[in-house]
Number of protein chains: 2
Amino acid sequence: MDDAVPPAAAPQRRARQPRRATTERRAEILRAAAHTFGSKGYKNGSLAEVADQVGITHAGVLHHFGSKEALLVEVLEYRDKEDVRDLEGQHIPDGIELFQHLVRTARMNVDRRGIVQGYTVLTGESVTEDHPARDWVTNRFTILRGEITAAIVEVGGGDVPQDVAECAASAIIGVMDGLQVQWLLDDGVDLPAATQFAIEAILTAALLGTGRPHPLT
Amino acid sequence: MDDAVPPAAAPQRRARQPRRATTERRAEILRAAAHTFGSKGYKNGSLAEVADQVGITHAGVLHHFGSKEALLVEVLEYRDKEDVRDLEGQHIPDGIELFQHLVRTARMNVDRRGIVQGYTVLTGESVTEDHPARDWVTNRFTILRGEITAAIVEVGGGDVPQDVAECAASAIIGVMDGLQVQWLLDDGVDLPAATQFAIEAILTAALLGTGRPHPLT
DNA sequence: CGGTAGTTACTGACAAGTCAGTAAGTCGCT
DNA sequence: AGCGACTTACTGACTTGTCAGTAACTACCG
């Protein structure tokens, strides 16, 4: 009946869009969610805001992902896949190349403020109790530490004790993350320079006594 | 003359001062708020939870602090004052002593997980837009960087270029914060050892060429 | 020293808003 | 025709903040 008449003559903003490939639609939502969770955090970012960016309602988002938490998990997985795709073709860097890659990443990050902010906010949030991203973040750190530790040992030709390599690996990850926070809050911080300086310093210290003093550049 | 008449109908109100126990009560609330904001974050921590811990209602908390944001600001100031009080009597460390103090702090922090978590969560949150703690965190970083930069220059006997000292200072703060995050998520990370290792490494690199190679211990 | 005016420190009820999640219906592609 | 991709409409839980009322305390007056 006529009582169902909606705000008549509404050429509905999100009116009938041609049915897109669902996969691409989901990817759109994931990118929007990554942006929202990145700038506002997971808890503070709302499904409505995510939905707005792709022109649907929050219920539409839930149709695709079931729950907010499931959406976060998929965002995380999506970003992992993207990272891997970026590296495709290139061989995974190891040894000394890994450290050059890390410094290059810091340089690139200056032009990817949004992504850096997202990573920072989510990582900070994740240390709270029962945070849905906690396992993901923890796991990511564990893998990264493993790779960097191995690279240090390799560069040191096996002369670097395991515990020293592990300390140095944690420190390298820590300094990268910590510098990002300072840079996000204050543009005066020279992210690439400080990152390179610190990585070289830590690497040099780890290799001390192995006869390979000045590893980078 | 009629000028003796006090500001029209403005009699000196009497009991203007807060009650004796009020200061302590407010401090109780501040400690509770620090705990809640620390474990859940500012956005996610509620006034009701804070109020519960001191046995009043959320309206009672608002009676004392006016708004949630004002409460956060006072929590931050309260913690600053506490930190200062802890250092009272001791002279503020400078030069090489500052770095020894930083390493000592990392060692102490292992037994103050709650405080470390609070600092981490709040710092992470603060990079989001319009966060009420943003200025406080930014300012804190600026001051810390200034102090550490000065200490590096001092230890280097003036031979360390300003930009190198600044890079090193940012890196030292960054590595301390970044290692705390990893430690919170994974007890396997040796916070004191990695912190000391990294600070020594960065300091050594900053002093390279000044003839003061092995600064700590 | 006792009373009392004025204030402080709350409580409980409520307003107004936001949030995730659900149910049921509609549109249109395949 | 049927199903996937939505929308509208709604619920219930939680939020911060306001307000009126109350008990307790304190300062001063007589």
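Chain letters run A, B, ... following the sequence lines, proteins first, then strands; residues in each count from 1.
When heavy atoms are screened at a 4.0 angstrom cut-off, A:L47 is found touching the sugar-phosphate backbone but no base atom. As judged by a 4.0 angstrom heavy-atom cut-off over every strand, A:H64 is placed among residues touching the sugar-phosphate backbone only.
Remark: B:H131 NE2 is packed, more than 12 non-hydrogen atoms of other residues, nucleotides or ligands lying under 6.0 Å away.
For B:K40 and D:dC14, the NZ to C1' distance is 12 Å, given to the nearest whole Å. When the C1' atom of D:dG17 is taken as reference, atom CZ of B:F65 falls 16 Å away, rounded to whole Å. Atom-to-atom, CG of A:L62 to P of D:dG4 comes out at 18 Å; the value is rounded to the nearest Å. If you measure from atom NE2 of B:H63 to atom C1' of D:dT16, you get 17 Å, rounded to the nearest angstrom. Atom CG of A:D52 is separated from atom C1' of C:dC19 by 14 Å (rounded to the nearest Å). When the P atom of D:dC6 is taken as reference, atom CD1 of A:I56 falls 6 Å away, rounded to whole Å. The nearest whole Å value for the distance from the CG atom in B:L72 to the P atom in D:dT16 is 12 Å. Here C:dT18 presents its C1' atom at 14 Å from CG of B:N44, a figure rounded to the nearest Å.
Comparing A:G60 and B:A48 against DNA chain D, the residue whose closest nucleotide sits nearer the 5' end is A:G60. If you find the closest nucleotide of DNA chain C to B:I29 and to B:H58, the one lying nearer the 5' end belongs to B:I29.
If you check the side chains of B:S39 and B:Q117, you find no donor sitting under 3.5 Å from an acceptor. There is a side-chain donor-acceptor pair under 3.5 Å between B:Q182 and A:R145.
For A:S46 and C:dC19, the shortest distance from a side-chain N or O to OP1 or OP2 is below 4.0 Å. Checking the phosphate oxygens (OP1, OP2) of D:dT7, a side-chain nitrogen or oxygen of A:T57 falls inside 4.0 Å. Using a 4.0 Å cut-off, some side-chain N or O of A:R25 falls inside it from OP1 or OP2 of D:dC6.
Nearest to the side chain of B:K68, among C:dA9, D:dT16, D:dC6, sits D:dT16. Nearest to the side-chain atoms of A:S67 among the listed nucleotides C:dC10, D:dT8, C:dG21 stands C:dG21.
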- [ ] Take A:D80 and A:R85, measure what salt bridge (Lys or Arg N to Asp or Glu O under 4.0 Å) needs, and give me the verdict at the end.
- [x] CA-CA 9 Å; A:D80 278 347; A:R85 210 188 47 223; over 6 Å; no
Task: side-chain hydrogen bond (donor to acceptor under 3.5 Å, both in side chains) evaluation trace for A:Y119 with A:R79 - done: CA-CA 11 Å; A:Y119 174 82; A:R79 201 189 281 176; over 6 Å; no
